**Student:** 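I'd like to ask you about the structure that follows.
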Amino acid sequence: MIAYVLRRIVQGLIAVIIVLSIVFLVLNLSGDPVRLMLPPTASDESVAEMRTLMGLDRPLPVRYVAFLQRSAVLDFGRSIQTRRPAISMVQERLPATVQLSVTALFVATLIGVPLGMIAALRRGTWVDRVAVLTSMVGQSTPVFWIALLLIFVFGVAFPILPPSGFGRPAHLVLPSASIALFLVAGITRITRTSTIDVLSRPFVTVFRSRGLSERLILGKHVLRNAAVPIVTEIGLQLRFVIGGSVVVESIFGWPGIGQLLTRAAFGRDFPVVVAAVFVIALCIIAVNLLLDLLYSVIDPRIKVWAR
Amino acid sequence: MKSMLVQSAPRMIRGAVLVFVLTLVLAAPALAGGRAETATAPQRPLVVVQSAEPPGLDPSLHREGPTYNVTINIFDSLLRKTPDGRNVPALAESFEREGDRAWVFRLRQGVTFHNGEPLTAEAVKFSIDRIFDPALESRRGNDLRWMRNVQVIDDLTIRIEAEEPFALAEHYFSELQIIPPQHIAEVGNEAFNAAPVGTGPFRFVRWDRGNRIVLERNDNYWRTAIEIPELEFRFIDSASSRVATLLAGEADLIADPPITARTQIEQNPNTVFATATGTRVMFVGLDAVQESPVSDPRVRRAMNYAIDNDAIVSSLLFGLAEATTAHLTPADFGYTSAVSPFPYDPTRARALLAEAGYPNGFSVTMDITSGRYINDVAVAEAIAGYLETVGITVNIEVFEFGAFNGRLFGKQTSPMYLVGWGNPLFDAAYIWDFTARSGSLLRSIENPAIDTLLAQARTTTDQSVRERAFHQVKPLIREAAPSIFLYKQPVLFGMSNRLVWEPRSDEFLDMSYASFR
């Protein structure tokens with residue numbers, strides 16, 4: 001098992017290096033930060049001077065190697081705009097994003113799993129159709145649209161929640177709901193399919209004929225058997241949570257990594273973009289590894305390390 | 001071990017659910033409390049919401065618009081710009097000009113920084129020298145490179161010389177924010193950039209990065225009594241969310257609402273829509289340097305005749321913008337009504353195109369950026385539509401602002417580009433230096449007669465000589481048509497009813513004269 005974990009960590013690191021390389025290349029092709037930094041009155045000489053100062057006059061391969069070396073020791077340089085170390089700017093934004101993502105995932109699971117199970121049990125009835133329809137609408141509506149809709153309904157038309165901001169628990173409701181509504185759709189769908197599949201297995205019929213309570217059958221045996229695809233789905237959704245938080249944080253003025261990343265990308269603040277992408281990639285890889293290990297907890301027959 | 005984990009899995013889930021529900025229950029009073037707080041309105045600070053967050057608050061390092069909106073409330077300068085654009089004494093009690101290139105400022109007595117440090121001539125000298133300190137690596141030197149020989153004469157007198165006579169010097173004295181040398185020596189550059197200390201109307205309290213900057217009233221402010229006890233700047237990228245925050249009663253002033261949100265803001269009983277003239281001159285830059293049909297001045301004039309600028313202003317800017325003639329409005333120094341704007345005359349446009357050898361028109365590309373200027377995409381489409389009717393096919397290419405800027409300053413734009421250029425000094429020299437001078441940052445025209453007159457105006461401080469030069473050069477610029485001249489873009493604000501405040505036409509959010517109703 002330890003060998004497996006080590007192998008996965010090495011794989012993860014390679015993935016991180018690939019991600020960093022792509023970001024490095026894309027950023028270097030996308031525009032010149034120097035002109036954005038200097039006032040419009042700046043002369044061509046001072047632009048050239050600044051470019052030398054920042055090392056942007058060196059050839060791309062040289063910069064790439066130097067970049068990877070520094071990344072290895074978590075030195076992503078200082079932000080072009082704020083002059084603070086990029087990695088600490090990302091660090092101070094991490095808690096807000098974790099708070100938002102975890103709440104959204106948690107709420108989505110709490111709603112999606114029961115909804116999916118109910119839909120599966122009442123297959124073909126109106127309950128099922130409503131659940132399927134909701135998940136279809138939820139998954140095909142862009143997050144930013146849901147967010148704006150929620151803002152105008154609960155922030156402006158019926159002002160019971162703050163439409164933006166950070167600090168009080170009330171501020172968390174609308175942003176996390178925007179992401180959760182999208183996630184619920186996927187989780188409901190996969191829970192429904194997976195539960196229907198498990199319900200048709202012989203052991204369910206056996207348990208029922210033995211007179212086990214329906215609650216026990218569903219709550220313990222069916223759910224655990226249906227859990228693996230659900231956990232997989234939640235793991236996959238994590239990418240959307242991060243993607244969604246980039247949008248949602250900008251809309252709600254939420255001081256997380258997504259907001260930082262958007263602003264840094266628009267300002268061509270390369271060091272911050274790289275540091276943010278690095279941290280996000282690391283989180284996704286770590287969570288996926290944890291989920292893989294969780295499979296064998298849910299279903300002891302699965303031994304990921306024996307594959 | 002493993003089986004124990006398996007058995008406890010449902011229990012763990014149940015535990016997690018319990019924790020979550022408890023959190024919600026515990027949070028409930030806070031949820032309710034949040035609203036109660038806003039109901040007692042006077043308790044809440046004055047909340048200003050803008051899009052961009054300052055990268056730092058040290059004026060030696062930062063003078064970006066969003067930063068200046070905050071620092072103008074924390075710092076003072078030698079002079080101060082009044083809302084109508086005059087430069088009047090501020091930290092300098094008085095000043096006089098020595099010859100045509102030196103100024104002597106006498107500082108106000110008894111002014112102290114927020115930490116108690118007294119304002120001295122040394123502090124003024126420090127505020128200038130620090131910008132050029134190589135260790136600080138400031139990028140602001142460009143603005144002030146014309147300054148030479150900064151001399152402390154006595155504790156409260158300072159003499160500043162310019163490299164050569166410089167007409168716009170006083171504008172820069174109004175923006176040269178004065179910082180406390182002792183305090184900076186104590187706390188260091190990085191700490192000062194994060195928690196500044198000035199002499200201004202508000203003192204810095206805290207900065208929650210990504211969220212807000214909180215300031216409180218400076219009770220000992222030298223200039224005037226400040227009415228607002230607490231001032232909070234918040235930063236929300238999305239324009240619709242800024243509007244929602246205002247409509248929900250959680251903000252008192254929002255910058256740059258979408259022009260389309262005007263009705264919504266006006267119809268809400270608690271909010272008002274406010275505008276100011278602004279400084280941003282909109283135009284379609286025409287690159288006469290690179291070889292294209294646009295390098296022919298007749299074609300450039302034809303384009304100006306082909307556009308109904310007034311219709312664009314009234315329909316796409318809701319009549320809130322002011323049409324320019326050769327980039328100027330009557331508010332700008334150098335404006336003369338002797339030069340009239342291009343009338344809308346498509347027949348004349350077609351004739352000029354035929355004369356230039358394009359009787360059947362041609363096809364050309366226009367670079368634009370989306371969402372940066374008011375209704376920018378719609379304006380670009382309208383321009384393309386008008387040009388189509390005289391036979392010019394315009395292909396619009398939309399760029400993200402950073403990429404657009406890169407092309408603009410790298411002199412790699414298409415022959416046409418829609419851009420807005422701030423003229424914060426309300427002076428013809430400033431805008432024409434970019435749009436009409438040979439070899440300027442923006443590629444446009446190369447015309448020696450225009451260059452000579454502009455150089456004349458730049459190197460004298462005699463306003464009547466400058467004005468004469470501007471009046472002479474304006475018709476030349478109109479003829480040369482370096483741009484399709486459009487309008488001056490207004491600045492838009494949404495305000496709460498309780499706020500008494502008049503937007504400044506230079507767009508800056510100076511809250512020193514704000515009060516609550």
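Atoms considered below: every heavy atom in the structure, side chains included; atoms not considered: hydrogens, waters and symmetry mates. Residue numbers begin at 1 in each chain, while the letters A, B, ... track the order of the sequences. A quick note: this is a predicted structure, and the numbers were derived from the prediction, not measured.
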**Student:** Just verifying a value: how many Å separate Arg93(A) CZ and Asn211(B) CG, rounded to the nearest 0.5 Å?
**Tutor:** 9.0 Å
**Student:** Relative to chain A, which segment of Gln264(B) carries a heavy atom at a distance below 4.5 Å: side chain, backbone, both, or neither?
**Tutor:** side chain
**Student:** Hey, could you give me the CG/CH2 distance between Asp237(B) and Trp254(A), rounded to the nearest 0.5 Å?
**Tutor:** 15.0 Å
**Student:** Assess whether atom CZ of Arg372(B) is packed by more than 12 heavy atoms of other residues, nucleotides or ligands within 6.0 Å.
**Tutor:** no
**Student:** Over all heavy atoms of both residues, which pair between Ala244(B) and Pro163(A) is shortest? Give the atoms and the distance, please.
**Tutor:** O-CG, 3.8 Å
**Student:** Run the side-chain hydrogen bond (donor to acceptor under 3.5 Å, both in side chains) test against Thr279(B) and tell me which residues pass, sequence neighbours left out.
**Tutor:** Glu507(B)
**Student:** Check whether Arg234(B) gets within reach of chain A through its side chain, its backbone, both or neither, counting any heavy atom under 4.5 Å.
**Tutor:** side chain
**Student:** Any side-chain heavy-atom pair from Phe235(B) and Gln259(A) closer than 4.5 angstrom?
**Tutor:** no
**Student:** Examine distances only and state if a side-chain atom of Glu250(B) and a backbone atom of Pro162(A) form a donor-acceptor pair shorter than 3.5 Å.
**Tutor:** no
**Student:** Does any heavy atom of chain B fall under 4.5 Å from the side chain of Phe152(A), the backbone, both, or neither of them?
**Tutor:** side chain
**Student:** Drop me the distance from Thr82(A)'s OG1 to His62(B)'s NE2, to the nearest 0.5 angstrom.
**Tutor:** 7.5 Å
**Student:** Given 3.5 Å as the limit, does a donor-acceptor pair link the side chain of Arg83(A) with the main chain of Glu137(B), or not?
**Tutor:** yes
**Student:** With a 4.5 angstrom heavy-atom cut-off, could you sort out which part of Ser138(B) is near chain A: side chain, backbone, both or neither?
**Tutor:** backbone
**Student:** In terms of heavy-atom proximity below 4.5 Å to chain A, should Asp208(B) be classed as side chain, backbone, both, or neither?
**Tutor:** neither
**Student:** Where on Leu61(B) is there a heavy atom nearer than 4.5 Å to chain A: the side chain, the backbone, both, or neither?
**Tutor:** side chain
**Student:** If you measure from CG on Leu246(B) to OG on Ser164(A), what distance do you get to the nearest 0.5 Å?
**Tutor:** 10.5 Å
**Student:** Taking CD1 in Ile2(A) as the centre, count heavy atoms belonging to other residues, nucleotides or ligands within less than 6.0 Å. Is the count above 12?
**Tutor:** no
**Student:** Which residues pass the side-chain hydrogen bond (donor to acceptor under 3.5 Å, both in side chains) test with Ser241(B), not counting sequence neighbours?
**Tutor:** Ser238(B)
**Student:** Looking at every heavy atom in both Ile251(A) and Ile236(B), which two are closest together, and how far apart are they?
**Tutor:** O-CG2, 3.6 Å
